Amino acid sequence: MQYIIGVAGLALVFGMAFIVSNDRKKIKYRPILTMLVLQFVLGFLLVILHH
């Protein structure tokens, strides 16, 4: 359940940023996706290494 809340929080923040953006056509999605993937990979590694 906590993972769903975390993902929903990320989606909410990105959604709000998209709504208030002045120029939505200039949004670069590749860096955003790259950072999200890196965040999930690092989080996964930290959880695995902690145990």
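Predicted model, so just to flag it, every value in this text is computed and none were measured. What you see below is based on every heavy atom in this structure, not just the backbone, and it leaves out hydrogens, waters and symmetry mates.
Note that the CG atom of Leu33 and the NZ atom of Lys28 stand 14.0 Å from one another [nearest 0.5 Å]. The distance from atom CZ of Arg24 to atom CD1 of Ile19, rounded to the nearest 0.5 Å, is 7.0 Å.
Linking ILVMFWY side-chain heavy atoms closer than 4.5 Å, directly or via other members, places Leu45 and Val37 in a single hydrophobic cluster.
Thr34 places a side-chain N or O within 3.5 Å of a backbone atom of Arg30 that can act as its donor or acceptor partner.
No more than 12 heavy atoms of other residues, nucleotides or ligands lie within 6.0 Å of CG in Asn22, so this atom counts as exposed by the packing criterion.
The hydrophobic cluster containing Leu10 also includes Phe14, Phe18, Ile27, Tyr29, Ile32, Leu36, Phe40, under a criterion of side-chain heavy atoms closer than 4.5 Å among ILVMFWY residues, counted directly or through chains of members.
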